[in-house]
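To start, the structure under review is shown below, and the notes come after it.
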Amino acid sequence: MRKANIAIVGATGMVGQTAIKVLEERNFPIDSISFFASKNSVDQEVEFLGEIYKIEELNEYSFDRPLDIALFCVEENLSALYGKIARNKGIVVIDNSSAWRMSDDVPLVVPEINQVLVRKHQGIIANPNCTTIQAVLPLAIIHEYYQIKRIAYTSYQAVSGSGYRGIEDLENGILGRMPIYYPKPIFNNCFPQVDGFLDSGYTVEENKMIQETKKILADDTIVITATCVRIPVYVGHSIAINLECVKPFDLETLIKQLKMQKGLVVYDFPSYPTTIDVVNQDLVHVGRIRRDYTAANGLHLWVVADNVRKGAATNAIQIAEVLWEGEK
């Protein structure tokens, strides 16, 4: 089996660190691996498969070496700049930021749903937003059978969605200190703002969920709204999903169909998942599946997943696995 030359860009961040762990766990075929971060992290050490590596500075020359795949775990502006440089060197970029997700020529991939798009990449493949990834796994099969016409999301998002900054704010709050990153204290609190506000009154995060869902499900006709809430939980996003279908459904049959979806754990009534149930897991958990009797063909779902793993690092590495399988 041919082995890949891999780079992790943003290796000291939460998603980058988790990507390192997931690569080890999944035994991805690696010939060489490089780790990049900002100049503040240069010469820090990272362990991978029992070997110690030095963190290198991310700059315009970082990709002047034999590389097959670059996993980008950095902010949007850095992905936009260095993703182009890596792509132009013939490296396939798998990007965790929002820099490329809505570009027409960039596939937005959740492998359990649309891995066929990986083969159509033009040098960059986008990893969806963490909340979107876990939401669309059950929605995709519902849409396939019953044609979703409307979705209302309410997400309850852990502080790790903001990386180490969010965790620091929660821990500062526990100690009675004021937040540094968040607009309001998060300890013993929750607030309906994840990311900045748009002129529409929606937040950037809410808009991501709306637009990315339409792209992944390949249907712009679905009407979608969202409210994203930050909660004082370390790891694990939860989403209450209310939807309406065009076609009528038998609830028992729909639940059986959800159980056929790869990557899903479906809870039978009256059980349901919580964030504690999903930490350090790569599966999406679904419960509280019930009719919404206020709407024709209405349905409620409760969806929970580890936002750092399946919501970011693991999904990106699953994309890399599909890509490399096709490169053999």
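Just so we're clear, the structure is a prediction, and the values are computed from it rather than from any experiment. Along the sequence shown, the residues carry numbers beginning at 1.
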Checklist entry - Between the main-chain N or O of Val194 and the side-chain N or O of Gln157, is there a donor-acceptor pair closer than 3.5 Å? => result no
Checklist entry - Has the side chain of Asn189 got a donor or acceptor atom that lies under 3.5 Å from a matching backbone atom of Pro185? => result yes
Is the number of heavy atoms from other residues, nucleotides or ligands under 6.0 Å of [X] [atom1] greater than 12?
| X | atom1 | value |
| --- | --- | --- |
| Ile276 | CD1 | no |
| Lys84 | NZ | no |
| Tyr53 | OH | yes |

Next on the checklist: Are His285 and Tyr267 an aromatic pair, judged by ring center distance below 6.0 Å?
Outcome noted: yes
Checklist entry - Are Phe191 and Tyr182 near enough that their ring centres are under 6.0 Å apart? => result yes
Item to check | Spacing of Thr213 atom OG1 and Asp219 atom CG [to the nearest 0.5 Å] | outcome: 11.5 Å
Next on the checklist: Can you confirm whether Phe63 sits close enough to Leu58 that some side-chain heavy atom of one is under 4.5 Å from a side-chain heavy atom of the other?
Outcome noted: yes
Item to check | Any side-chain heavy-atom pair of Phe48 and Leu23 under 4.5 Å | outcome: yes
Do [X] and [Y] sit within salt-bridge range, that is, some charged N less than 4.0 Å from a carboxylate O?
| X | Y | result |
| --- | --- | --- |
| Arg165 | Glu75 | yes |
| Lys39 | Glu56 | no |
| Arg177 | Glu168 | no |
| Lys89 | Asp64 | yes |

Next on the checklist: Exactly one of Asp282, Thr18, Asp306, Asn127 should register a side chain to side chain donor-acceptor pair (under 3.5 Å) with Thr314. Which one does?
Outcome noted: Asp282
Checklist entry - Would Phe269 and Arg290 count as a side chain to side chain contact (heavy atoms under 4.5 Å, CB included) if you check the C-alpha gap in whole Å, the side-chain angles of each, and the deciding distance to 0.1 Å? => result CA-CA 9 Å; Phe269 177 81; Arg290 63 199 191 279; over 6 Å; no
Next on the checklist: Is there a side-chain hydrogen bond (donor to acceptor under 3.5 Å, both in side chains) between Thr203 and Gln193? Walk through the geometry before answering.
Outcome noted: CA-CA 7 Å; Thr203 65; Gln193 180 186 354; over 6 Å; no
Checklist entry - Hey, mind stepping through Thr131 and Glu212 against side chain to side chain contact (heavy atoms under 4.5 Å, CB included) and telling me if it holds? => result CA-CA 10 Å; Thr131 43; Glu212 292 176 25; over 6 Å; no
Checklist entry - For Lys310 and Ile133, what are the C-alpha separation, side-chain angles and deciding distance, and is it a side chain to side chain contact (heavy atoms under 4.5 Å, CB included)? => result CA-CA 8 Å; Lys310 181 54 182 172; Ile133 288 172; 3.8 Å; yes
Item to check | salt bridge (charged side-chain N to carboxylate O under 4.0 Å, His left out) partners for Asp195, two or more places apart | outcome: Lys208
